[in-house]
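First the structure, in the form of structure tokens, and then the observations on it.
For ligands, and for the atoms within them, numbers begin at 1 and follow the listed sequence. The first residue in the sequence is number 1, and the count goes up from there.
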Amino acid sequence: MILRRLLLPIAALCASTALSAQGPDPLAPTGRWSAYRGGQADLPPMGWNSWNAFFTEIDEEKLLGSAQRILDSGLAQKGYRYINIDDGWWLKRRTSDGRLMIRTEQFPSARMAHGDPSFRPLTDRLHAMGFRAGIYSDLGRNICSQAYSTGKAQLPEGTMAEREVGLYGHIDQDIRLFFADWGFDAIKVDGCGIRAFAADAERVRNGQYRALPPLIDQASTSRSDIPAVKALFADINKALARHNPDGGYLLSLCIWGSANVRGWGKDVGNISRTSDDIAPNWSRMLTNYDSAVRRALYAHPGSWNDPDMLFIGAGDFDAQHLTEARSHFALWAMMNAPLLIGADLRQTPQPLLDIFGNAALIAVDQDPAGNQAVIAFDSDGLQILVKTLSNGDKAVALFNRGMAPVDAVLTADHLKFRADRDIALSDLWTGAKSIFSKETKLHVEPRETLVFRASGQRQLADGVYLSERPGIVNPAVDGVVQPQPDPTIYRSIPGWRSTRGIGERPIYAGWGGAMPDATPYNQPLTVAGRTFASGIGILANSRLEVRNEGFTRFTAQVGVDDSADDGGQPVRFFLYGDGKPMASTPPLRRGTAATALSADVKGVAIIELVARADGVSGNAVPVSWGDAALHR
Ligand code: GLA
């Protein structure tokens with residue numbers, strides 16, 4: 001980047017935002033936490049959504065039936081609070097004033113004796129039952145069912161203009177209607193309207209819908225207009241703030257991992273979809289899980305990864321497949337994913353309700369520290385995930401992805417616990433308790449996920465490794481300037497295409513993003529031959545924000561990672577406290593021994609970790625913040 005080449009090293013140490021002719025320097029410290037703080041999502045949302053069970057054929061009876069079952073079964077008390085309407089609720093947009101009309105045939109309570117249809121009676125009812133209510137819309141003029149549904153069921157009706165029910169051109173008007181007038185508490189914003197209505201799309205060519213040049217190409221980040229998509233979300237953010245003076249809303253982004261949203265969704269919404277739709281089959285669940293599981297540093301209280309709604313209750317996750325259903329639930333809980341039930345709860349058998357109601361796993365998902373699990377052992381067959389809980393315990397999951405049983409060895413190192421002290425395990429499915437030291441053998445059946453709460457003595461006695469606390473680490477700038485598809489995501493057969501075409505190639509950008517305990521390209525963190533079991537891997541030309549929760553000292557061993565292709569590129573490392581310079585290194589190159597970088601951070605709220613490689617254009621070199629830790 002020319003900008004970076006122009007900056008003198010001293011400019012990097014300036015406390016205020018460095019400015020050059022090219023604009024603000026993205027690596028200049030801000031002293032702020034920049035991930036999304038609007039709305040209400042200190043914990044991942046829990047609740048129910050109509051889509052997986054009913055698709056567009058939603059009505060009031062179905063919705064209230066599931067809501068009632070959530071109350072009666074005790075799930076409401078366990079935290080399931082959102083009742084969300086998905087696609088299928090619109091009748092049309094009234095063209096005289098742009099007001100949206102509801103399908104009162106399906107939602108009779110919306111019919112008013114005087115005046116326009118309103119969802120207010122329904123949201124009042126849900127609120128009286130103790131729930132929050134969610135609505136659904138789209139960034140474009142048209143919506144997903146108009147792009148993809150094969151039948152006519154509950155599609156908007158009327159003229160072409162009347163069938164334009166999406167937010168495009170109506171953001172303020174619609175958000176006001178949903179939140180101020182109708183009393184909703186949450187909105188899911190889909191993106192088909194800015195993806196599927198190109199001039200040459202069949203449904204546009206045959207005159208059904210008006211063309212809107214796509215801003216998103218799901219198969220290609222470079223063909224997506226990322227600034228334009230972000231600008232639409234910025235307008236939505238403003239409208240949400242305007243029409244929710246108490247801040248009581250939830251914004252769910254649904255652009256399916258496209259447009260590199262896995263890198264920036266955390267900055268504009270409360271939950272953000274990391275992949276295309278889940279389906280009730282094992283391989284599709286793997287795709288969705290993989291799209292989120294390496295993104296721990298991109299999830300925090302207020303901004304969570306969303307691998308899509310639960311599909312427990314159907315197909316490979318029905319009552320005949322309890323092993324698979326339990327795995328699906330446990331994995332979502334380990335990733336602090338939203339727990340949105342997608343089943344018709346009026347018909348859901350008790351063993352599946354018991355999965356939704358597993359209080360110990362709900363507590364893992366809802367742990368206030370908000371640390372998404374980190375991969376401690378990785379293979380295509382078995383993975384071990386570890387999630388640091390707010391009391392210092394760890395939740396640990398052993399996930400067998402394959403078709404053969406695995407005799408796994410769980411070690412104290414996986415947990416970052418001392419090997420010479422007892423480690424107590426409590427099985428979150430059975431409640432069984434056990435104790436081990438150093439390591440223990442565990443038999444994991446095909447598709448099974450064992451999950452435990454583990455307590456032991458931490459390896460780092462006086463503090464935490466940053467990689468144990470992804471919830472307080474935000475890659476504000478992750479160094480990825482040329483987004484590349486992530487090759488580690490399981491490629492299933494898309495149900496909607498079958499085996500037509502060439503199959504799904506890697507499509508979800510995000511490869512090269514910041515990683516806990518691994519380099520951006522998923523290698524062990526290694527500087528000049530020294531490997532670090534703990535640390536943060538990131539590309540140079542990056543800035544990490546770290547919330548300091550009362551710690552007094554930051555320490556790390558930093559350097560250019562041995563996996564860097566360019567061995568000659570110098571990188572400097574800088575530490576800032578609340579925007580002020582605290583420490584830095586001289587230029588380091590690949591092969592230079594890891595260099596100690598530390599600072600007194602007592603009283604500092606936000607620590608920033610910057611790595612600069614002046615003169616590099618494109619994706620910069622991998623650097624390692626080895627053993628990066630906060631100490632009491
Ligand atoms: C998209 C979304 C789904 C659902 C449908 C509704 O496919 O990803 O979650 O909302 O649209 O049509």
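- Using the six-membered ring where Trp is involved, Trp332 and Tyr289 have ring planes that are parallel, under 30° apart on the 30 and 60° scheme.
- The minimum heavy-atom distance between Val165 and Arg93, with the atom names listed, is O-NH2, 3.4 Å.
- Relative orientation of the Trp182 and Phe178 rings is tilted, given thresholds of 30° and 60° on the angle between their planes.
- With sequence neighbours left out, Arg141 forms a salt bridge (Lys or Arg N to Asp or Glu O under 4.0 Å) with no residue at all.
- For ligand 1, the 4.0 Å heavy-atom shell takes in Trp51, Asp86, Asp87, Tyr136, Cys144, Ser145, Lys188, Asp190, Cys254, Trp256, Arg273, Asp277, Met309, ordered by chain and residue number.
- In this view, Gln350 and Asp354 satisfy the side chain to side chain donor-acceptor pair (under 3.5 Å) rule, not counting sequence neighbours.
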Without placing hydrogens or testing angles, list every side-chain donor-acceptor pair under 3.5 Å for residues 44-52, not counting sequence neighbours.
| unit_1 | atom_1 | unit_2 | atom_2 | d |
| --- | --- | --- | --- | --- |
| Trp48 | NE1 | Ser66 | OG | 3.4 |
| Trp48 | NE1 | Ala343 | O | 2.7 |
| Asn49 | OD1 | Trp51 | N | 2.7 |
| Asn49 | ND2 | Asp86 | OD2 | 3.1 |
| Ser50 | OG | Asp86 | N | 2.9 |
| Asn52 | ND2 | Leu310 | O | 3.1 |

